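Down below is the structure, laid out as structure tokens.
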Amino acid sequence: LFTACQRIAQIEANEVERIAVWTQITEECELNADDSAKFIELFNSSKYEGKGTGEGGTPEFGICVYFRDGTYLLVNDFCFAGRDFEVSLRDSDGNTKAWYYLSSEELYTFVSELADK
């Protein structure tokens, strides 16, 4: 549904339960309200870069957006072929509902700084 129009899903803040950052060497760390709002703003202004194909490697860091309805959005660093993130929307059972790439230098910088904290 989200990628059918070749655009990214828009995150609605009132539908979000919590947002957490993770790295390969740390567990999830929940974002505060300001960082969550900034992430949503930057994510919503990112550029759609095509449907997921499975290329690329293992992400070093990412963000997980947990929604009130049990679904969650994985936004993992990608940095391959001009794409900054690989995004997948999963239902409460973990089944993939959408899978695509997006680019945003500003979002990438913001998330990588969060991961470094």
Side-chain angles (χ1 to χ4, degrees):
L1 173 66
F2 294 127
T3 58
C5 299
Q6 295 199 1
R7 61 183 179 86
I8 63 170
Q10 296 293 293
I11 298 173
E12 299 293 333
N14 63 334
E15 296 175 0
V16 174
E17 182 177 311
R18 67 186 179 93
I19 300 176
V21 63
W22 64 269
T23 71
Q24 285 185 342
I25 58 174
T26 63
E27 293 185 24
E28 284 188 350
C29 179
E30 192 167 334
L31 301 186
N32 63 36
D34 290 339
D35 287 341
S36 292
K38 182 70 173 176
F39 172 79
I40 291 170
E41 173 190 336
L42 294 172
F43 180 91
N44 286 347
S45 65
S46 296
K47 181 181 177 194
Y48 174 83
E49 294 288 354
K51 294 169 70 170
T53 62
E55 62 190 344
T58 303
E60 293 183 29
F61 59 86
I63 294 278
C64 191
V65 181
Y66 297 93
F67 295 99
R68 297 186 192 285
D69 67 359
T71 61
Y72 56 99
L73 188 69
L74 301 171
V75 183
N76 297 328
D77 93 290
F78 191 65
C79 286
F80 180 76
R83 302 166 180 153
D84 295 323
F85 292 97
E86 180 179 56
V87 179
S88 61
L89 177 65
R90 309 276 176 95
D91 66 18
S92 58
D93 293 325
N95 299 311
T96 302
K97 304 307 254 177
W99 181 27
Y100 56 94
Y101 302 105
L102 61 82
S103 292
S104 168
E105 185 176 324
E106 192 174 4
L107 179 61
Y108 190 86
T109 299
F110 178 73
V111 174
S112 65
E113 288 173 357
L114 289 174
D116 285 343
K117 289 183 182 180

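Predicted, not measured: the structure shown is a model, and the values here were computed from it. Worth knowing before you read on, the calculation uses all heavy atoms, side chains too, and leaves out hydrogens, waters and symmetry mates.
Among all heavy-atom pairs drawn from Glu28 and Tyr66, the shortest one is OE2-OH, 2.6 Å. Between Pro59 and Asp77, the closest heavy-atom pair is CA-OD1, 3.1 Å. Taking all atoms of both residues into account, the shortest heavy-atom contact from Trp99 to Glu86 is NE1-OE2, 3.0 Å. For the pair Ser104 and Asp84, the tightest heavy-atom approach, listed with the atom from each and the gap, is N-OD2, 2.8 Å. Minimum interatomic distance between Arg68 and Val16 (heavy atoms only, all atoms of both residues): NH2-O, 3.2 Å. For the residue pair Ile63 and Val111, the shortest heavy atom distance occurs at CG1-CG1, 3.7 Å.
With hydrogens and angles disregarded, a donor-acceptor distance shorter than 3.5 Å links the side chain of Tyr101 to the backbone of Thr53. Asp93 contributes no side-chain N or O that, together with a main-chain N or O of Asn95, makes up a donor-acceptor pair within less than 3.5 Å.
Residues Lys117 and Val21 are not in side-chain contact: their nearest non-hydrogen atoms beyond the backbone lie 4.5 Å or more apart.
Taking CD of Glu49 as the reference point, atom CG of Leu102 lies at 8.0 Å (rounded to 0.5 Å). We find the OG-OH distance between Ser92 and Tyr72 to be 9.0 Å, quoted to the nearest 0.5 Å. Atoms NZ and CD1, from Lys38 and Ile19 in turn, are 13.5 Å apart once rounded to the nearest 0.5 Å. A distance of 8.5 Å separates CZ in Phe61 from CH2 in Trp22, rounded to the nearest 0.5 Å. To the nearest 0.5 angstrom, Phe39 atom CZ is 9.5 Å from Leu114 atom CG. Note that CG of Asp35 and CD of Glu113 are 10.0 Å apart. Values are rounded to the nearest 0.5 Å.
For Glu105, the CD atom sits in a loose shell: 12 or fewer heavy atoms of surrounding residues, nucleotides or ligands are nearer than 6.0 Å. Within 6.0 Å of the CD atom in Glu30, the count of heavy atoms belonging to other residues, nucleotides or ligands exceeds 12. Within 6.0 Å of the CD atom in Glu27, the count of heavy atoms belonging to other residues, nucleotides or ligands does not exceed 12.
For the side chain to side chain contact (heavy atoms under 4.5 Å, CB included) with Leu107, the qualifying choice from Ser46, Ser45, Ser112 is Ser46, the only one to do so.
Phe78 and Tyr108 have their aromatic ring centers separated by at least 6.0 angstrom.
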